[in-house]
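As structure tokens, the structure follows; a few thoughts come after it.
Every chain is numbered from 1, with letters handed out A, B, ... down the list of sequences.
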Amino acid sequence: MDWSKVLMETFSSSYSIILKITLIVVPLLILIECLKDIGWLEKIASHSQGVTRFFGLPGESAIGLIVGFFTGIVFGSGVIMQIQEEAKMTKTQINTLFLFIGICHGVIEETVVFTSMGANGLILFTSRFTAALIFTFLYIWVQKIRGSKGSAPLLP
Amino acid sequence: MVTKQTIVRGGNKAVKIVVSLLKFIIPSIFIMKVLEHSGLLYKIADFFAPVMAFLGLPGESALVFLFGQVTICSGIATMAVLDFTAKQATIMSTVLCIFHVVMLEGAVIAKSGANALLNAAVRFIAALFTGLVLNLILPGV
């Protein structure tokens, strides 16, 4: 095995990913800090409560959800780490959040890219979104049952 | 009120987060590259080839999903080399989109406080399930 190739490719992949992350995460988090200081974060959170309630999530997570949904998991997680300062979430809540984003993220970029590869973009998006809903709710439901039984959850 | 301190505060938090992500990203990429260059990735693909039939995909597409763990662009590049029908393209893309770069994203997720193993497992199941359903309900071949 050619270790020099491994190292070079690791370096170049890491470099491009980190560059991308930095260019997106830094402005994004600055924006969120601004939103916080203007008081808009609270407003957005309380308005989003209606929707995030279905997932058992606090209103503040809406921004993390939206960012992860439209961009990627890594960017969403950067935002969520930030949000954790404002609203502490339980393990179940964070798992729920990342289950949804994990299955359905990067919808714009990935749908466009794969449509160019020959896939049906509409089916792609709808399938991911539906699967995300199904499996996220399944998780929430299982956790509820676990919780009501009063036993210590294996998967927190 | 947005002040200069707001920007500085936000910037500092962002840099801290990016640096902490770095510690997970680089090792994850390295491990996947080792798997790729050692040929292990191909062996794993052979193992999963029979599963592809359930999704209506050619056996070689297991490689797409495995390369899709290195970076999604690797997965896409692998797709570009294969032949497949329109229906297969849709199924392949959907499965890939649900289950890609799980290791790196898992590391990031763990850093954020969630259960990375749970995430990976559910995404794996969701990908297979969705691929199977699509194979069954989509018309054509």
Side chain / backbone / both / neither for B/Gln88 at chain A, heavy atoms under 4.5 Å: neither
Residue, of A/Tyr15, A/Phe98, A/Phe11, that accumulates the most heavy atom pairs under 4.5 Å with chain B: A/Phe98
Note, B/Met79 side chain near A/Phe114 side chain (heavy atom, < 4.5 Å): yes
Whether A/Phe135 and B/Phe129 hold their rings parallel, tilted or perpendicular, with breakpoints at 30° and 60°: perpendicular
Linked, directly or transitively: B/Phe54 and B/Ile91 (ILVMFWY side chains, under 4.5 Å): yes
B/Val18 portion near chain A, given a 4.5 angstrom heavy-atom threshold: side chain
Side chain B/Arg123, main chain A/Leu99, donor-acceptor under 3.5 Å: no
Top of A/Gly78, A/Ser13, A/Gly76 for chain B proximity - count of heavy-atom pairs under 4.5 angstrom: A/Ser13
Member of B/Ile26, B/Leu22, B/Val101, B/Ile25 meeting the side-chain contact (heavy atoms from CB on, under 4.5 Å) criterion with A/Ile17: B/Ile25
Among the listed options A/Lys36, A/His105, A/Met89, A/Gln93, the residue most often paired with chain B at heavy-atom distances under 4.5 Å: A/His105
Backbone of B/Ser112 reached by a side-chain donor or acceptor of A/Gln84 within 3.5 Å: yes
Part of A/Val113 lying under 4.5 Å from any heavy atom of chain B: side chain
Between A/Met117, A/Glu9, A/Gln82, the one whose heavy-atom pairs under 4.5 Å with chain B are most numerous: A/Glu9
Heavy-atom side-chain contact between B/Ile72 and A/Glu110 under 4.5 Å: yes
Exam field: side chain A/Asn95 to backbone B/Leu118, donor-acceptor pair closer than 3.5 Å: no
A/Asp37 and B/Thr6: CA distance, side-chain angles, deciding distance, side-chain hydrogen bond (donor to acceptor under 3.5 Å, both in side chains) verdict: CA-CA 7 Å; A/Asp37 279 2; B/Thr6 312; 2.7 Å; yes
B/Ser93 side chain vs A/Ala119 backbone, donor-acceptor pair below 3.5 Å: no
Single-linkage hydrophobic cluster, 4.5 Å side-chain cutoff, B/Phe67 and B/Leu128 together: yes
Per-residue contact mode, A/Leu7 against chain B (heavy atom under 4.5 angstrom): side chain
